[in-house]
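See structure below.
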Amino acid sequence: METIKIIIAGPRGRMGSEAVKLVENTEHFELIAAVDYKHDGMMLSDLPGFQSIIHSVPVFSDIEKCLQHVKADVLIDLTTPEVGMYHAKTALEYNVRPVVGTTGFTKKDLEELERICNEKELGCIIAPNFAIGAILMMKFSQMAAKYFNDVEIIELHHDQKLDAPSGTAVKTAEMISAVRERKKQGHPNEKETIDGARGALYDGMHIHSVRLPGLIAHQQVLFGADGQTLTIRHDSYHRGSFMSGIKIAVETVVKNNSFVYGLENILD
Ligand SMILES: NC(=O)C1=CN([C@@H]2O[C@H](COP(=O)(O)OP(=O)(O)OC[C@H]3O[C@@H](n4cnc5c(N)ncnc54)[C@H](OP(=O)(O)O)[C@@H]3O)[C@@H](O)[C@H]2O)C=CC1
Ligand SMILES: O=C(O)C1=N[C@H](C(=O)O)C[C@H](O)C1
């Protein structure tokens, strides 16, 4: 297998640091640079936690500067929504294929990236969740939604998470919405006595976001019908759970010339 040359944006982050380990430990992956706005001009091995990296991995504060200096195949972005969008667009400009785990992208952002990919005939994968179990949880929820059109999504995350609802919850709601018979749930005269009590509303469904220290990433999708409920739940207990999905996405994106939103679209 040919070596895939990779840039990681956000290497010090909870996900970025795991992704560095994944790339370093995968034979046909090569980490050739990192983008970290706080450490321009340094080597990754100079940063705390990366001393074991024995080859040189230059760090750039800006993606554009990075892309001008190194010849990469793939950018893995694990930063923040605003930065992630800029990184993905700039990578595509330089013919580098983005694999983006960063969540919080708007519909408009996704449409813009799809348009650029089509124009440039380049692959790009945006995956709100890289955990295979989470993909199955979303697919099973979509299957169930054909038979149960009353559903509530509860996502639970660590309290350092910036976006709510989670990218996974949004994707789940989108997948359910594609098959669910339209329905505004709850009593027609339902009234919140405290704002937000019923959560966020997506196409008649409610999404609830829980943030607590101790949690990592969890979601349950609850379906209800006459005399029965069905609960579909997934739990990520550590960030290693996302790494096999990142590996698949990197291996796939180098062969792809189109835009993909959701890992379910590339899994066999
Ligand atoms: N798709 C998936 O399966 C998963 C997706 N995620 C998503 O991934 C993203 C990252 O999550 P997580 O690792 O927990 O977050 P962290 O806050 O731990 O990591 C984000 C990193 O990005 C850095 N950063 C911010 N701005 C820039 C910039 N301009 N250039 C380079 N780096 C920058 C931050 O640095 P600093 O802290 O110094 O500001 C930080 O190190 C989130 O959007 C999250 O929702 C998370 C888990 C799984
Ligand atoms: O921020 C996180 O931690 C996670 N973010 C993603 C999301 O928003 O869905 C994926 C996973 O839930 C962890």
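As the structure lists them, so they are numbered: ligands from 1, and atoms in each ligand from 1.
The heavy atom nearest to atom 11 (O) of ligand 1, considering only M15, E18, H157, K171, is found in M15. The heavy atom nearest to atom 8 (O) of ligand 2, considering only R239, H218, K161, is found in K161.
Within the 4.0 Å heavy-atom criterion, the part of F242 lying near ligand 1 is the side chain and not the backbone. Of all the heavy atoms of A131, none lies under 4.0 Å from any atom of ligand 1, so neither backbone nor side chain is involved. Of all the heavy atoms of P128, the ones lying under 4.0 Å from any atom of ligand 1 belong exclusively to the backbone. Within the 4.0 Å heavy-atom criterion, the part of P128 lying near ligand 2 is the backbone and not the side chain. Using a 4.0 Å cut-off between heavy atoms, D36 contacts ligand 1 through its backbone alone, with no side-chain atom that close. Counting heavy atoms closer than 4.0 Å to ligand 1, residue K38 contributes side-chain atoms (C-beta onward) but none from N, CA, C or O.
Residue I216 has no N or O atom closer than 3.5 Å to an N or O atom of ligand 2.
Under the 4.0 angstrom criterion for non-hydrogen atoms, G104 is not in contact with ligand 1.
The existence of a salt bridge linking R12 and D36 is confirmed by a sub-4.0 Å separation between a basic side-chain nitrogen and an acidic carboxylate oxygen. Electrostatic pairing of E18 and R239 does not count as a salt bridge here, judged by no charged N lying under 4.0 Å from a carboxylate O. By the 4.0 Å N-to-carboxylate-O rule, E112 lies too far from K108 to be salt-bridged with it.
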